[in-house]
Amino acid sequence: MTLHAYDRPVSYIGASVPRPNATRLLQGRGRYVDDKVLPRMVHAAFVRSPHAHARILSIDVSAARALPGVVAIYDGADMAKVITPWVGVLTHLSGMRSPPQPALAHGVAHWQGEPVVMVIAQSRAVAEDAAALVDIDYEVLPAVCDMDTALAPDAPRIHPGLDSNLCWERKFETGAVDAAFADPTTTVVERRFTFGRHTGVTLEPRAVIGDYDPSEDRLTMHYSGQAPHMMQSVVSRHLGVPEARVRVVAEDVGGSFGIKIHTYGDEIATLAAAKMLKRPVKFVADRLESFLSDIHARDHRITARAAVDADGRLTAVEIDDVTGIGPYSVYPRSSGIEGNQVVNLTGAPYDFPAYRARLRVVFQNKTPMCQYRAVGHPIAVAVMEGLMDDLAHATGRDPADMRRINLRRDDSYPCTSPQGMRFADLSHQQCMEKLLTLMDYEGLKADRDAARARGIHRGIGLVSMVEVTNPSPMFYGVGGAPIAAQDGATARLDASGAVHVANSITEQGQGTETILAQITADVMGVTMADVHVTTGDTATVPYGGGTWASRGAGIGGEAMLQAARALRAQVLEVAGVILQAAPDTLTLVGGAVVDAATGAERITLRDLARTVYYRGNELPPGLKPELIATRHYRVTDYPFVFTNGAMASYVEVDPDTGMVKLLSHWVVEDVGTILNEKLVDEQIRGGVVQGIGGALFEECIYSDDGQMQNATMADYLVPMAGEMPDITIAHVCTPTRTSDLGAKGAGEAGTAGAPAAVMNAINDALRPLGAATLSQMPMTPERILRALGTVA
Amino acid sequence: MKTNAFAYVRADTVPDALRLYAEAGEDARYLAGGQSLMAALNFRLDEPSTLIDITRVAALRGIVADADAIRIGALTRHADVADSAVITAELPLIHAAIGHVAHPAIRNRGTFGGSVALADPAAEMPACVLALGGVMEIAGQDGTRHVPADAFFLGTYETALAPGELLTGVTIQRPAPGSRWGFAELARRAGDYAMAGLCLMIAPDRRDARVVFFSISDRPVRARAAEAAIIAGASVIEVAAVATDGIEVYGDLNAGIATKRHYASVLLRRELARLDQQEAAA
């Protein structure tokens, strides 16, 4: 009898096991930065610029310094002596420019909320008392806020050293675009889109403790973030501490969504203060300063058009994107990737020959904009899917048929898009058909039409999409950023037979540590309780990129698989010697080495480990006492591993009020091998909700002079459970050819597709009423009333 | 987001609270449910010298009904108002509105009197009190005085309360048998302050009508033109057409002036139509 995979009592890959760390977190035993209290620790608060653009004429800290409990006060000039400025450009984004950015504003403040003065005191409350006493004299400068007028020749310049407010421009063209649009037999649609600014709103705000030990010149950063090794390099570069003497520790992190992967002046200043004071300094952003200093996202104005021939086949797509990024390109990832993704991904699910794009990335006096969950994707998807519905309407086709005609065929891979994106192992056709079945598309259309007859306005929105996951070094490393695209994993057996693993990907609540334990337990034939996972500490985990761009499972997971397999091979080799058996006749089940043919237990992992560690004298001299393996993995052959999916939304719009009721949402996603369906589905649902946030609720509203108007949780509307629809999820599984594990990323698909689905559904609902097409996000009730002509 | 340093004292009786205020001076604040006050303190929009905790003043808590009127003690929590059988039976307008006051966690701590005394123009309870013609019971150094709701709400966070005075309760006459009522609001998310809201009380045979909008002006406002139109027997459409006549409407981030006027009209039209249907069915 041979053991079948299904006979193994512990087969974890693919099982929807609960998260081992949930118990700890739910019992309040989380170890977030603000939970840490170090001896002699002091607290920082920042005086932030109240103006979008202002020259700092004088800073008087005498009253603040006199307050009992104040330890130190630093301004931009003080910090400039100990922190070198950073420049957020990537060399492969040719022509991008951004001036050096100081940790604290120095001379000129460039956005409302930019840190200007740092106050350190015995408590945060005293630090805030003192901050209120700092007297700063500003000369208010003209603020450049609107990204269109920012490029006008007579616009005030944000940076005197630059000849305009343009950060970066990219133009490219493939195929005969003009000819396609000029062809009289084609149908052309054109639309202008506006995507508002929103932000991450993590449950745990940004937080940092700097802890410097002058006796060893060692700086420890307790960090709420996603990329410990990147921060280690950044901190070393700009504070002048040798990289190996900087330790970055990210224990529990309460959400990140991409906002906690950038260089923030207040965090670096906190580390610098710790170094100068030689005592720990803690900074925890409060909600108000989070809204004004966490990176914002999106902010695009786009004109796009598309043409189809008489058969409904796309012949050309053109897009012109202007995106506002605040006063600096954010370091070290740059603020160019968002727009670059938009122009690279627009139309990705479809097969068409001609494409033209122009991207302009523009400086403004607003909070810096940078990568946030599903970088660029929701924009690219909304633009293309909006145009697809317009084309369907213009040519009298069903929106589903419009997509069927143009989707890349499932048997066409590998292939390359007009933008040069290389696609493999995708399943657009399968996903769309599965979606239409899942949602009962024909039945839903009948329900919609019957409701219309009763004066109830419902609409259906369809979406096809891709998602960039598992990036190779072509994303950042190639452009000179200290960002690893590879990740590493170590697995070791301890003397009790338990397995300890460490991995350079990080956990922010998405279940990273769960899947690492699943993979390891599966390979090692132990229970998950016998796998102990460490992440987030540069002192103990292998070197790697961390968690971003939906790369944790695909890259860190593959490294874990390979490390666990290597450890397994070591165990079986030792077992072969001890048991006088060929290693390939043995396997690991239930915490023991068993006979592969019969399943009979031969030796427990505990006894094996004790033999190796304590009684090495029983082993032959040539056998190394090694029960530990480290493996690293990076994606080769492809710049990115794309995933794909299809999504639909069903909404009801009240034309009297502009209120939108989300009735249902469906997702079919192909993430390749599914490690834990529950975790994947949670990622998709959370992503959909975040996408709906951008579509209907979330917007950083600015006045004309650059003041954010809604920087509180009462005024900035995050999506809440009460308004969310049920989200039904199904899967198509096409493992990626780039790894043994076959897992693609799953973290951002929901966010990528949901806004377009909701937008198309609203427009479908409003079309019979003769409304103008909704193309501005968020689609607020008031904007819907304007589209209906109800209010001006 | 830390408050300034302040002194904390606790009152056990109303006279005790008034005495503590007199001792502390005008920079003192009464602390009841704290659901608005503590946020204002954390934002340092307000930096009081002393907080006078009145949450232990038992006389301020509870709902009492007699033959003519219902008295709601100022310290009665929103959650207790929501659970009150008296309110459900006698003042269904308040029962309908209270579920729209923020979220359960806030209703568990926030108080009825705190909401009325704060006079947020977007809050439901001040609008209900105005629509029901409630009378404010106010304790001060010179004794207790009574102020009708029509004279109480003066502007955004502005009321007839003088510094140091304490709202102790609100007395509401039982609506005449056969009175009809309506409540509706439009909020972007459940629990948010509304973009526009409506409280409606119509006496039998349209002898009287009180139409109150909230979240469209600087205070809960009576729509006098609409009230007159209802009493005069105008049609639903006619009443809705004059919904905001004579009202100074203010816009906010979610809805501009035109949108608020439109919403007020829609809410009134819908509630009146619903009442007409109800009447026709009965």
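What you are looking at is a predicted structure, and each value in this text was computed from that prediction instead of being measured. Below, read A as the first sequence line, B as the second, and so on, with proteins coming before strands; counting in each chain starts at 1.
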Is it the side chain or the backbone of [X] that comes within 4.5 Å of chain A heavy atoms, both, or neither?
X      : value
B/R44  : side chain
B/N254 : both
B/Y193 : neither

Choice from [options] maximising heavy atom contacts with chain B below 4.5 Å:
options                : result
A/L785, A/V660, A/I701 : A/L785
A/D715, A/D654, A/T712 : A/D654
A/A792, A/G658, A/P781 : A/P781

To check you understand the geometry: which heavy-atom pair defines the closest contact between [X] and [Y], and what is its length?
X      : Y      : result
A/D656 : B/H262 : O-NE2, 2.6 Å
A/L288 : B/M1   : N-CE, 3.0 Å
B/R189 : A/F697 : CG-CE2, 3.7 Å

Is chain B contacted by the side chain of [X], its backbone, both, or neither, given a heavy-atom distance below 4.5 Å?
X      : value
A/E128 : both
A/R786 : neither
A/V718 : both
A/T790 : side chain
A/M713 : backbone

Determine the option with the most heavy-atom pairs under 4.5 angstrom with chain A, choosing from B/V266, B/D192, B/L253.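 Result: the option with the highest number of such pairs is B/L253.
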For chain A, the option from B/R270, B/R261, B/M195 that forms the most heavy-atom pairs under 4.5 Å: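 Most heavy-atom pairs under 4.5 Å with chain A: B/R270.
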So which residues of residues 64-72 of chain A are in contact with chain B at a heavy-atom cut-off of under 4.5 Å?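 Answer by number: none.
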Side-chain contact test, heavy atoms from C-beta onward, threshold under 4.5 Å: evaluate it for A/M720 versus B/H103 and give yes or no.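 Sidechains of B/H103 and A/M720: in contact.
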A/D286 bridged to B/K2 by N-O distance under 4.0 Å: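 Looking at A/D286 and B/K2, the cut-off is not met.
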Count the heavy atoms belonging to other residues, nucleotides or ligands that lie under 6.0 Å from CG of B/L45, then report whether that count exceeds 12.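 Yes, the 6.0 Å shell around CG holds more than 12 heavy atoms from other groups.
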To the nearest 0.5 Å, tell me how far A/M659 CE sits from B/Y263 OH.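 So the gap between those two atoms works out to 6.5 Å.
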